Each structure stands twice: as C-alpha cells, then as structure tokens.
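By convention in this document, chain letters (A, B, ...) are assigned in the order of the sequence lines, proteins followed by strands, and residues within each chain are numbered from 1. None of the values given here were measured: they were computed from a predicted structure.
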Amino acid sequence: MTLRLHDTASGRKEEFCPLEPGVVRLYTCGPTVWNTPHIGNYRTFLFFDLLRRHLAVRGYRLRHVMNITDVDDRIIEQAHTAGVGIDAYTRPYREAFFEDLDALRAQRAEHYPLATEHVPEMVRLIARLLDRGYAYEAEDGVYFRIASFPAYGRLSRLDRSGLRPGARVATDRYEKESATDFALWKRAQPIDEQVGAAWDAPFGRGRPGWHIECSAMAMAYLGETLDIHAGGVDLLFPHHENEVAQSEAATGERFVRFWLHSEHVSDSTGEKMSKSVGNIVTLRDLTAAGYDPLAVRLFLMGNAHYRSRLRLTEEALHAAAEQVRRLQDLADRLRGLEPGLRSDDAALYADALDARDAYLEALDDDLNLPAGLGHVFEVVRRANAALDAGRVGPAGREALLHLLETVDAHLDVLRRRDVELDDELRGLIAEREQARRARDFARADRIRDQLRDRGIVLEDTRQGVRWRRVER
RNA sequence: GGCGACGUAGCCAAGUGGUUAAGGCAGGGCUCUGCAAAAGCCCGAUCCCCAGUUCGAUUCUGGGCGUCGCCUCCA
C-alpha cells in the first residue's frame with residue numbers, strides 16, 4: 001500500500017510522492033511566540049509530529065522547517081507595554097515552546113527559523129513582487145495586489161466576490177487599493193522602533209507582514225517548491241492563500257504540492273478553543289491537574305483523526321491515559337517474560353503480524369491513527385489473555401513486541417518518564433510490604449489507601465509490588 | 001449573507017452499498033486475588049429525521065432538524 005494524503009487543494013486523498021526521490025521537503029507553520037500556547041496549538045504540532053514520523057517510517061529523509069514568528073502586532077504591543085524589546089519579550093515563550101514540545105515528545109524539525117533573522121530574504125522577495133507588478137507601495141507600507149493574481153482564492157475555495165464586504169474595510173487602519181489586498185511590509189511606526197521591530201529596506205524602513213515570512217523562509221530553506229506544507233485549518237484563509245499568491249507570483253513556480261490542514265480542538269461544549277473566546281487550556285493546566293503529558297500526547301494525536309474536530313473532555317483524556325497505561329503494561333509484561341519456557345499460540349502470532357499490517361495500512365491512509373489503534377488494541381487484549389494463560393512463547397513475544405515497536409514509532413509513549421518516589425512514599429510501601437508479610441492486612445490496606453489518596457496506586461503481583469501514579 | 005464540515009452505543013471514535021457496524025473509556029456481573037489493583041470473560045447501537053435511487057443504504061442523492069467552522073488576528 002502506498003501513502004495517501006488528503007490535499008486541501010484538490011479536496012481529495014492523493015498518492016504521495018516527493019519531488020526528489022527519498023527526500024521530503026516539509027514546511028509547517030509554527031507558533032507566534034507572544035503568549036503561552038494552548039492545547040489546540042499543540043494538537044497541530046503533534047499532527048506535524050505524526051506526519052514526520054510516518055514519513056520516516058516510510059523511509060523518507062526529512063527536510064522539515066517550522067517557522068517561529070517573533071515579530072507581529074501583538075508581540076510589538078506586548079513588548080512595548082512591558083517596556084522591553086521584542087527579542088527579550090519573546091525569549092521566554094520561545095523557550096517554553098521547546099520545553100512543551102519535549103514534554104509531548106514531538107520530534108524536532110531540522111530548522112526552526114526566526115522571522116527576525118530572515119528579514120533580508122523577505123525584503124528580497126517583496127522587491128521581486130514590486131518588480132513584477134504584483135505589489136505596490138502605499139503610504140503606510142507595501143501591499144500585494146490581489147487583482148493581479150487570478151488564482152487567488154482557489155486553495156481556500158473562497159470567491160473574492162463572496163467575501164463579506166464592509167467589516168474589513170471599516171476596521172482597517174491601512175490605506176490600500178483594494179480592501180482584500182494584504183500587507184507585505186509595514187512602514188515603521190515609533191512604537192516599532194522602540195521595541196526593535198524595524199529594518200531598513202529599499203522601499204522604506206519597516207517590518208514584514210506575517211504572510212511573507214513563511215514564503216521567504218520556506219523558500220530559503222527548501223527551495224521554490226515544497227512537497228508538503230501543513231498547518232491548522234484556521235490558517236487556510238487568508239494566510240496560506242496569501243502565501244500561494246505571493247510565492248507563485250514571485251517565482252512563477254508551483255509553491256506547494258500537498259497542502260495538509262489539521263482541525264481544531266474545541267472545549268467541552270464544542271466551541272473552538274481560542275484566546276479571544278477565553279476558553280483555552282494549556283499543557284501546564286493539564287499536567288497540574290495530574291495528567292501525564294504522554295496521555296495528552298495520545299489524546300491529541302490519536303483520539304480522533306487529524307481532520308476532524310477534537311473535543312477536550314476529562315473523560316477523553318482519562319481514556320487516553322488508560323490507553324497509554326495498557327500499552328506500557330503489555331510492553332512490560334512481554335519484556336519481563338522469560339523466553340523459551342512456554343509454547344506459542346500460533347493464532348496470536350498471526351494476529352500480531354496481521355495487526356501490524358493493518359496498523360500501517362491505516363497510517364498510510366491519510367494518517368488514520370485512530371483506526372490503526374483499533375487494530376492494535378484488539379491484539380493487546382488477546383495478548384493479555386494469552387499471557388494469563390501462559391501461551392506466549394518466544395515467537396509470539398517477538399511478534400507482539402514488534403507490533404508495539406511499530407506503534408511506538410508514532411505514539412512514542414512506551415519510554416516511561418522517570419517518575420521518582422520520595423523517601424517517605426518509598427518507606428510507606430516498604431512498611432506495607434512488612435505488614436503484608438506479617439499478615440496484618442488491616443494495616444497494609446490502611447497504608448494502601450493512604451498512598452491512593454496521594455496519587456499512588458499499588459498492584460501486588462507475583463514479582464512483587466508495583467506502583468504507579470494516577471491522575472489527581 | 002456567502003462557502004464548508006459534521007451528526008455512529010452513557011462518553012470518545014473508526015468504518016462499510018449486502019455475511020456478526022472496529023477499538024478505547026465509563027458502568028454492571030463473573031474469574032483471579034488475603035482484600036484490592038492489573039488482566040481476562042460476559043453484557044450495550046431504531047448508525048439524527050423524512051423522501052428518493054437500488055434487489056438491498058448507516059454508507060449514494062435531495063430535503064429537514066441540530067451542532068460547529070471559515071469569510072477578521074487565530075494552530
């Protein structure tokens with residue numbers, strides 16, 4: 001089976017094949033570092049992670065670029081209010097972003113270019129657009145002339161005549177030929193100078209518009225044509241539409257071969273999570289509530305297909321946490337199995353291999369991880385039953401571990417986080433063991449309840465006591 | 001107003017023109033256990049409504065109802 005991906009431009013799943021054999025040029029829209037990202041942002045970033053990992057599973061080398069927008073209106077305003085430059089203002093958010101990516105185990109892209117470090121590339125691109133007549137200078141900046149690009153609106157399927165008239169014109173502070181023309185360059189205002197957000201350019205000192213940043217950096221690192229450009233659906237219009245217009249107008253080449261868009265996360269009522277609505281939940285909120293980042297990872301990545309909306313609820317998060325635990329526990333059981341002592345269940349061996357094929361096939365079908373996990377958990381159940389019955393031998397063990405390894409190439413939840421117990425908790429567990437050996441079960445149970453209240457659950461097994469942390 | 005998506009068991013969710021509509025969570029019963037936990041077994045669906053196409057539709061078409069998104073900064 002070949003990898004098929006849903007391309008927004010065609011509206012269909014298309015067979016994926018990179019321009020250059022074996023190498024994928026991937027550009028993904030990264031964060032604007034003006035504030036703490038919320039879970040919705042991370043869903044998108046984990047979608048990128050899933051895409052990356054599956055491309056790697058399919059043998060492609062990756063050239064993945066993810067921009068970091070460190071200059072824009074909000075950053076300038078916030079920095080000014082805080083009385084610092086934009087670099088100082090954005091630094092903590094940039095650092096927090098990478099910390100969160102690590103906590104969620106998102107693989108690193110090959111490049112994370114900062115917008116402020118690629119202004120010359122943007123200036124050159126704007127100059128090119130001016131030369132070719134696709135852009136014009138106005139009093140307050142340089143604009144892209146949408147009327148000069150007939151294909152405008154094709155990607156997002158928006159008819160320009162259908163754009164709601166009025167709103168944008170009435171509120172826009174900038175002067176331009178047409179209401180829908182967008183800024184490539186904004187002339188420096190005093191506030192920009194104060195926070196260090198102004199650069200020299202042939203067409204006047206100023207700062208880049210948001211859209212031009214992605215085109216310039218994508219082309220700087222990956223060339224004029226990208227295999228895949230991905231982002232959240234809310235970027236489809238106008239951001240990606242604008243990127244296509246300015247990039248293709250400048251180069252005359254096709255900018256993107258595959259457009260991939262991931263859906264939103266909504267709150268428990270079904271409304272889109274966004275800063276303006278004020279219903280955002282951050283990763284920190286969830287970890288503070290006792291959720292394992294790996295459960296959050298599985299929830300964001302695998303609870304629903306990336307093109308359908310994901311509703312954040314406690315039940316769904318708990319379900320994800322349980323799935324992580326079940327996978328980890330099965331892996332532990334299999335690793336701890338003494339090889340060679342038991343006979344194999346032939347059917348289970350076949351099931352494990354079949355499930356692995358079905359899993360990979362689901363991933364090849366537009367990254368359908370939820371469907372793939374369905375195949376996997378069916379075998380998880382059978383594997384546990386076989387382990388209970390002592391019917392897992394060397395071959396079955398290998399096949400099952402191979403299946404888990406395959407799944408973990410995407411999920412990456414089997415490496416346990418190092419969670420430590422303090423001496424007091426350790427002491428309590430030892431004390432309970434002593435009580436149990438003395439058959440003082442009342443005392444043992446009391447200690448167990450005590451630990452449960454502190455978020456530690458004990459399991460007595462043949463190999464001795466196991467403990468794990470639980471939510472809250 | 002324009003464009004679009006979705007509506008599958010208590011919750012999340014995959015999927016298909018036709019033998020039993022994946023899987024997870026939650027819940028109930030049971031096995032195992034000192035008791036638990038874990039694990040396993042058993043238990044759950046008029047596939048939003050109506051009409052049409054078809055030998056046959058949850059799956060296709062049309063209409064309705066509902067939810068949501070984009071058209072403005074937004075992952």
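- Look at the C1' atom in both B:C47 and B:C12: the space between them is 16 Å, to the nearest Å.
- Taking atom P in both B:C32 and B:C68, the straight-line distance is 50 Å, to the nearest Å.
- Note on A:R466: nothing from the nucleic acid sits closer than 4.0 angstrom, heavy atoms only.
- Within residues 38-45 of chain A, the residues that have a heavy atom under 4.0 Å from RNA chain B are, in order of number, A:H38, A:G40, A:N41, A:T44.
- Listed by first and then second residue, the ring pair (Phe, Tyr, Trp, His ring centres under 6.0 Å) pairs involving residues 344-367 of chain A are A:Y359-A:H410 (not counting sequence neighbours).
- Pairs engaging residues 234-247 of chain A under the salt bridge (Lys or Arg N to Asp or Glu O under 4.0 Å) rule: A:D234-A:K272 [sequence neighbours left out].
- Between A:Y221 and A:H118, the ring-plane angle classifies as tilted under the 30° and 60° cut-offs.
- Between A:N368 and the phosphate of B:A14, there is no side-chain N or O to OP1/OP2 separation shorter than 4.0 Å.
- With B:A75, B:A39, B:C74 as the candidates, the nucleotide lying closest to the side chain of A:D388 is B:A39.
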Intermediate values then yes/no, salt bridge (charged side-chain N to carboxylate O under 4.0 Å, His left out), A:D329 and A:R466:
CA-CA 11 Å; A:D329 282 359; A:R466 286 180 59 182; 3.0 Å; yes

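- Using a 4.0 Å heavy-atom criterion, one finds that A:H264 contacts the bases of the nucleic acid, with or without backbone contacts as well.
- Spacing of P atoms, B:A36 relative to B:G29, comes out at 12 Å, to the nearest Å.
- Protein atom CG of A:L51 is 19 Å distant from nucleotide atom P of B:A75, rounded to whole Å.
- A gap of 29 Å separates the C1' atoms of B:U53 and B:A22, to the nearest Å.
- As rounded to the nearest Å, B:U16 and B:C30 have P atoms that lie 39 Å from one another.
- Listed in residue order, the members of residues 96-115 of chain A having a heavy atom less than 4.0 Å from RNA chain B come to none.
- In this structure, A:V376 reaches neither bases nor backbone, as no heavy-atom distance under 4.0 Å exists between it and the strands shown.
- Using P as the reference atom, B:A45 and B:C11 are 14 Å apart when rounded to the nearest Å.
- Not counting sequence neighbours, A:H80 has no partner by the ring-ring contact (aromatic ring centres under 6.0 Å, His included) test.
- Atom CZ in A:R309 sits about 11 Å away from atom P in B:A5, given to the nearest Å.
- If you take atom C1' in B:C50 and the same atom in B:G44, they sit 27 Å apart, rounded to whole Å.
- Side-chain contact between A:Y143 and A:S178 is absent, with no heavy atoms from C-beta onward closer than 4.5 Å.
- Using C1' as the reference atom, B:C6 and B:A14 are 15 Å apart when rounded to the nearest Å.
- Taking A:E14 as the reference, A:D7, A:S10, A:R12, A:F258 meet the side chain to side chain contact (heavy atoms under 4.5 Å, CB included) condition, with sequence neighbours excluded.
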Go through A:C214 and A:H240 one step at a time and tell me if the side-chain contact (heavy atoms from CB on, under 4.5 Å) criterion holds.
CA-CA 9 Å; A:C214 283; A:H240 291 160; over 6 Å; no

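- At the phosphate of B:A14, OP1 or OP2 sits under 4.0 Å from a side-chain N or O atom of A:S308.
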B/S/- along nucleotides 21-34 of chain B (protein heavy atoms under 4.0 Å) is -BSSSS-------B

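- Dashed line: the shortest gap from a side-chain N or O of A:K272 to OP1 or OP2 of B:A75 is not under 4.0 Å.
- For A:H211, the ring-ring contact (aromatic ring centres under 6.0 Å, His included) partners at least two apart in sequence or on another chain are A:F182, A:H239.
- With B:A14, B:G4, B:A75 as the candidates, the nucleotide lying closest to the side chain of A:T32 is B:A75.
- If you check every strand for non-hydrogen atoms under 4.0 Å, A:L235 touches sugar and phosphate atoms only.
- In this structure, the ring-ring contact (aromatic ring centres under 6.0 Å, His included) partners of A:Y93, at least two apart in sequence or on a different chain, are A:Y89.
- Judged as a ring-ring contact (aromatic ring centres under 6.0 Å, His included), and not counting sequence neighbours, the contacts of A:Y306 are A:F47.
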Could you list the donor-acceptor pairs under 3.5 angstrom formed between side-chain atoms of residues 95-107 of chain A and any protein atom two or more places apart in sequence or on another chain?
unit_1, atom_1, unit_2, atom_2, d
A:D100, OD2, A:Y42, OH, 2.8
A:D102, OD1, A:R108, NH2, 3.1
A:D102, OD2, A:R108, NH2, 3.2
A:R105, NH1, A:D412, O, 3.2
A:R105, NH1, A:R415, O, 2.7
A:R105, NH2, A:R415, O, 2.7
A:Q107, OE1, A:R52, NE, 3.3

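- Screening residues 369-381 of chain A for salt bridge (Lys or Arg N to Asp or Glu O under 4.0 Å), with sequence neighbours left out, gives A:E378-A:R382.
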